[in-house]
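A short worksheet on the structure shown next.
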Amino acid sequence: MPGGRPVDFQQTIPRNLVHRAAISEVFVTDLNIVAEGQFEVGAQWPRRHGFFGPCAPGSHDPMLFAETCRQAGLLIAHRAYGVSLGNAFISDHKVSSITPEGLATEGRPIDVVLRVSAHEPVFRSGNLIGMRTDFGCFRDGELIGTASENWRCVSPAVYRRLRGDHFAATPFQACALETVDPVLVGRYRAEDVLVADTAVAGTWSLQFDPDHPVLFDHSADHVPGMVLLEGARQAALLTIGDPHALPLRSDFEFSAYVEFDSECLLVAEEIEPDADGCRSVRVVAEQKGRTVATGVLAMRRS
């Protein structure tokens, strides 16, 4: 990408710009506005992280890439387009792909550069209310991953009306069930396990610890998207029977909020494998008898 200064990795950006409460959960370090709708974002992946792995020997967690893109998109919305910090963001569609080589750990923090392009911005009364952002992830100058997200944002007043009776909901309302053994989903701690068995084969109940320092880093009135993605990943691991498989590719559509006051089921089935040998799993999230999210994960066996 021509022009602009090199991105900086010396310190993270202010945490409120990526909707995080803990400084330790901020991975984005810098924003370079290269041209209209073209950006470079610096980020650093820690050597180790309490939740984002590495969950497989010698590999960073692909979900760390997804979280980095989430933070970069928020940073661009606030800094480049002036979206108010009080606005609520709604993700409609997320796609990501990353190479196993790009995830390799080297016993040190890894600097990555996201080259981001903005498409189809929608404005209302001069304010940005949605767009598609495409990401290319570069490590040592080599492209290692791509991602895309379609998102919208609304003002606090609109969000309050949109959420209605759920506006003041908290994760402590959720019914807690005993989760599966952590070793089955490549985890060591029970609080990191997000699925519980049900009486139906191939179906798991989405679970979460309301005090989880990463998944519930800040207050939420509905199940965060990253919680839903991680739950889907764990359902996929159980489906293929490999606790250390890596979700190298994912494609998810979100059609409704996942609420705290009723059970969310994750229905998983293995579908035709990809050409590169990854085992593909479709996961459908259902709540109150309707589909709230659907996705496909391409899992590389360990």
Side-chain angles (χ1 to χ4, degrees), residues 1-20 22-47 49 52 60-85 87 89 91-106 108-123 127-153 225-226 248-250:
M1 183 178 293
R5 58 174 176 77
V7 293
D8 185 52
F9 302 100
Q10 292 305 308
Q11 60 185 9
T12 57
I13 52 90
R15 55 189 173 151
N16 62 338
L17 292 174
V18 294
H19 302 189
R20 281 297 192 181
I23 295 172
S24 60
E25 299 309 318
V26 180
F27 304 126
V28 175
T29 61
D30 193 20
L31 169 64
N32 182 15
I33 301 176
V34 177
E36 183 176 357
Q38 301 291 320
F39 313 93
E40 284 188 334
V41 178
Q44 186 178 87
W45 293 345
R47 177 182 177 184
H49 186 271
F52 293 113
H60 286 288
D61 187 351
M63 292 296 182
L64 182 57
F65 171 48
E67 171 63 14
T68 304
C69 290
R70 186 195 72 85
Q71 293 188 12
L74 291 170
L75 174 63
I76 289 168
H78 292 310
R79 277 265 173 91
Y81 290 95
V83 174
S84 171
L85 288 172
N87 280 17
F89 286 74
S91 181
D92 294 316
H93 190 195
K94 287 178 179 282
V95 180
S96 68
S97 175
I98 194 163
T99 66
E101 295 80 13
L103 292 170
T105 60
E106 295 181 356
R108 60 179 175 83
I110 300 298
D111 295 337
V112 297
V113 175
L114 299 181
R115 294 179 181 173
V116 189
S117 57
H119 302 273
E120 304 165 12
V122 179
F123 295 88
N127 299 314
L128 180 69
I129 62 170
M131 66 165 56
R132 186 185 89 242
T133 45
D134 293 341
F135 305 85
C137 184
F138 291 81
R139 176 176 172 176
D140 298 326
E142 297 291 329
L143 179 67
I144 62 169
T146 60
S148 182
E149 180 177 13
N150 292 77
W151 59 266
R152 296 168 285 141
C153 61
M226 289 302 292
L248 296 183
R249 293 182 295 280
S250 66

Any heavy-atom pair between the side chains of [Y] and [X] that's under 4.5 Å?
X	Y	value
R15	L17	no
L103	I98	yes
S148	R132	yes
L64	P46	yes
I110	H60	yes
Q11	T29	no
R5	N32	yes

Minimum heavy-atom distance between [X] and [Y], given as atom pair plus value:
X	Y	result
F9	V112	CE2-O, 3.3 Å
F65	C137	CE1-CB, 3.5 Å
V28	T68	CG2-O, 4.1 Å
L128	C153	O-SG, 3.4 Å
L75	D30	CD2-O, 4.2 Å
P14	R79	CD-NH2, 3.9 Å

Measure centre to centre between the rings of F27 and H49, then say whether the value is under 6.0 Å. yes
F39 ring centre to R115 NZ or CZ under 6.0 Å, with the angle to the axis within 45°? no
Listed by chain and number, what are the salt bridge (charged side-chain N to carboxylate O under 4.0 Å, His left out) partners of [X], not counting sequence neighbours?
X	answer
E67	R20, R70
D92	R152
E106	R108, R139

Looking only at side chains, do S97 and T146 share a donor and an acceptor under 3.5 Å apart? no
Spatial distance of atom CG (N150) from atom OG1 (T133) [nearest 0.5 Å]: 8.0 Å
Dump the intermediate steps for side-chain contact (heavy atoms from CB on, under 4.5 Å) on D134 and H119, then the final yes or no. CA-CA 8 Å; D134 293 341; H119 302 273; 3.3 Å; yes
D8: which residues meet the side-chain hydrogen bond (donor to acceptor under 3.5 Å, both in side chains) condition with it, sequence neighbours left out?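 Listed in chain order: nothing, the list is empty.
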Residue set satisfying side-chain hydrogen bond (donor to acceptor under 3.5 Å, both in side chains) with S91, at least two apart, ordered chain then number -> E149
Step-by-step side-chain contact (heavy atoms from CB on, under 4.5 Å) determination, V41 to I76: CA-CA 9 Å; V41 178; I76 289 168; 4.1 Å; yes
Sequence neighbours excluded, the answer for ring pair (Phe, Tyr, Trp, His ring centres under 6.0 Å) partners of F89 is H19, H78, W151
Start with the C-alpha distance between V26 and Q71, add both sets of side-chain angles, then the distance that settles side-chain contact (heavy atoms from CB on, under 4.5 Å), and finish with yes or no. CA-CA 8 Å; V26 180; Q71 293 188 12; 4.0 Å; yes
